[in-house]
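For reference, the structure discussed in these notes is given below.
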Amino acid sequence: MRRPRGTRDLFGPELESVRKVMHVMNEIFKRYGYVEVETPTFEHLELFTKKSGASVVNQIYAFQDKSGRWLALRPELTAPVVRFYLERLKSFPKPLKLFYFGNCFRYEEPQAGRYRQFLQSGAEIIGSSRPEADAEVIALVDEVAKELGLRGYDLRIGNVGLLREILSRAGVKGEEQDPVMRAIDAHDQAKLEEELDKRGVGEEYKKLLKAVAGLRGGVEVLDKAEELLSDLTKARAALRRLRAVLRLLELCGVDGYRVDLGIARGLEYYTDVVFELYVDGVQVAGGGRYDELIELLGGEPCPAVGVGFGVDRIAQAMLRQGVEIEERQLDCMVLPSSGEMLDECLKIARDLRRAGLSVDVDLMGRSLRKAIAYADARRARYAVIVGARDLASGKVTLRNMTTGEQELVPREELANKLKEVQAT
RNA sequence: GCCGAGGUGGUGUAGCGGUCAACAUCGGGGACUGUGGAUCCCCUGACCCGGGUUCGAAUCCCGGCCUCGGCCCCA
């Protein structure tokens with residue numbers, strides 16, 4: 001039997017790095033005042049088909065249960081969290097700040113950094129339409145990247161509202177905009193030209209769209225955008241919002257970002273400010289404002305902003321970059337000098353474990369020689385050698401596995417002695 | 001869904017029509033029943049699956065599966 005395509009078995013550094021990412025995120029989310037939620041692994045299929053276009057529906061693991069209900073393994077977590085909000089959290093004080101971790105499933109061809117089961121985390125602010133909320137979510141992303149020690153990360157901030165407004169003015173509305181947005185996101189000029197012509201967009205708007213989508217750099221690009229958009233009131237409002245968010249980011253201590261007005265992505269439900277986080281050219285997080293999604297899923301109109309993180313991808317980036325991941329090692333192994341000492345070893349191990357130490361005993365009936373070799377292979381810091389000779393005077397031998405130095409230690413002082421050296 | 005490169009012990013490789021399928025490493029044991037990272041010896045363990053060609057296939061051909069990477073897509 002082998003594992004299903006696109007899944008992974010994890011252990012060792014791979015698992016440690018995932019755990020570390022989860023741990024750090026968990027701490028930061030709570031530090032920022034978010035509350036954890038958990039939703040089921042499967043939902044009604046309809047929840048996802050409502051939110052996402054038909055193109056992605058065939059990538060959902062969908063099935064009928066024994067009563068014929070159409071269910072789906074969740075392909076993402078925003079829709080389930082919004083569903084949870086609509087079902088039970090609507091009457092909590094606004095804004096609601098929620099975070100979550102969860103496995104998601106997509107039926108896709110596995111490739112670099114892409115699996116059929118993957119771990120996502122995210123945070124959402126539901127109920128605030130203000131730029132403070134946008135800025136806080138972006139600050140959260142920056143904090144995660146910083147605290148995980150990711151080097152050379154690239155945080156890009158844009159606003160899909162600008163591009164969509166230009167398209168609307170040019171007569172391209174609703175879903176018609178999506179293929180155009182995709183072409184922009186892919187930086188595919190030929191494709192963009194084609195999509196715009198297909199929809200009869202005039203030269204003037206084509207030029208404007210390309211000019212705006214090409215803007216990236218520091219805050220100064222907003223001035224250029226403002227010149228270009230002088231006639232478009234709503235687009236200028238979007239620009240003002242972006243400016244406000246960037247100003248707030250400064251107060252939050254975020255400075256390493258780039259403005260990129262070409263961010264469009266296939267994220268069709270984003271309405272305003274959007275952002276993406278890249279590490280080594282791989283996108284590891286993305287989010288933005290989605291003021292219409294909650295209504296789409298059957299709620300009262302309600303503004304919201306959020307972010308999703310690709311936990312596995314971030315963990316892989318950390319391994320790649322050699323970020324230090326501390327791993328709790330075995331404090332000691334308790335080894336009998338001969339078979340008769342086994343009972344005594346078990347008692348000593350019991351006491352040391354109760355004292356909070358990480359302790360192992362040999363379960364193979366090995367000779368002392370082999371057992372010490374095994375302790376070395378396990379990278380135990382100490383070996384406690386229990387023999388009749390020392391035990392006669394109530395002592396055991398404590399061997400430092402790194403230096404090879406040994407000393408006789410009274411049994412009852414063993415735990416304290418080990419805890420002392422554990423701290424160093 | 002498409003394209004490319006691959007699949008031999010747990011890992012890394014050799015073998016490329018006839019070999020007891022080799023080597024290294026890892027794992028278990030012994031030399032050495034109160035002392036590890038050395039040496040020597042022994043043991044466990046593999047040709048992805050199914051067809052075909054052939055007297056004979058790990059080796060050649062076809063199909064599938066899987067892995068890695070790229071495209072499409074990425075809510």
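Throughout, protein chains are lettered first and strands after them, A, B, ... in sequence-line order, and every chain is numbered starting at 1.
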Donor/acceptor link under 3.5 angstrom from Arg114(A) side chain onto base of C73(B): yes

Touch class at under 4.0 angstrom, heavy-atom based, for Gly339(A) against every strand present: nothing

Spacing of Arg116(A) atom CZ relative to A75(B) atom C1', expressed in whole Å: 18 Å

Phosphate contact (G28(B) OP1 or OP2) by Arg366(A) side-chain N/O below 4.0 Å: yes

Atom-pair distance (OH on Tyr278(A); C1' on C74(B)), nearest Å: 11 Å

Touch class at under 4.0 angstrom, heavy-atom based, for Gly113(A) against every strand present: nothing

Electrostatic pair Arg399(A)-Glu405(A), nearest N-O below 4.0 angstrom: no

Polar pair under 3.5 Å, donor/acceptor by atom type, side chain Arg399(A), base G36(B): yes

Nearest-Å distance for atom pair CE/P, residues Met181(A) and A75(B): 12 Å

Counterpart base for G12(B), defined by Watson-Crick or G-U wobble contacts under 3.5 Å: C23(B)

Touch class at under 4.0 angstrom, heavy-atom based, for Met364(A) against every strand present: sugar-phosphate

Arg182(A) side chain near C74(B) phosphate (N/O to OP1/OP2, under 4.0 Å): yes

Sugar-phosphate, base or nothing in reach of Ala371(A), heavy atoms under 4.0 Å: nothing

Paired nucleotide for C66(B) [Watson-Crick or G-U wobble; both distances under 3.5 Å]: G6(B)

Phe48(A) CZ - C74(B) P separation (whole Å): 17 Å

Between C32(B) (C1') and Lys370(A) (NZ): distance, integer Å: 10 Å

Residues, nucleotides or ligands: over 12 heavy atoms within 6.0 Å of Glu407(A) CD: yes

Asp134(A)/Arg241(A) ion pair, N-O < 4.0 Å: yes

Sugar-phosphate only, base, or nothing, as touched by Arg106(A) at under 4.0 Å among non-hydrogen atoms: base

Touch class at under 4.0 angstrom, heavy-atom based, for Ile60(A) against every strand present: base

Residues Asp291(A) and Arg289(A) bridged, charged N to O under 4.0 Å: yes

Value in whole Å for how far the C1' atom of A75(B) lies from CG of Leu293(A): 10 Å

Sugar-phosphate, base or nothing in reach of Ala375(A), heavy atoms under 4.0 Å: nothing

Distance, rounded to the nearest Å, where Phe11(A) contributes CZ and C26(B) contributes P: 16 Å

Rounded distance (Å) that lies between atom P of A75(B) and atom CD of Glu175(A): 15 Å

Lys20(A)/Glu147(A) salt bridge by N-O under 4.0 Å criterion: no

Sugar-phosphate, base or nothing in reach of Thr78(A), heavy atoms under 4.0 Å: nothing

Side chain Ser367(A) and base G34(B) donor-acceptor under 3.5 Å: no

Electrostatic pair Glu195(A)-Lys198(A), nearest N-O below 4.0 angstrom: yes

Donor-acceptor pair (no angle test) under 3.5 Å: Arg369(A) side chain, C32(B) base: yes

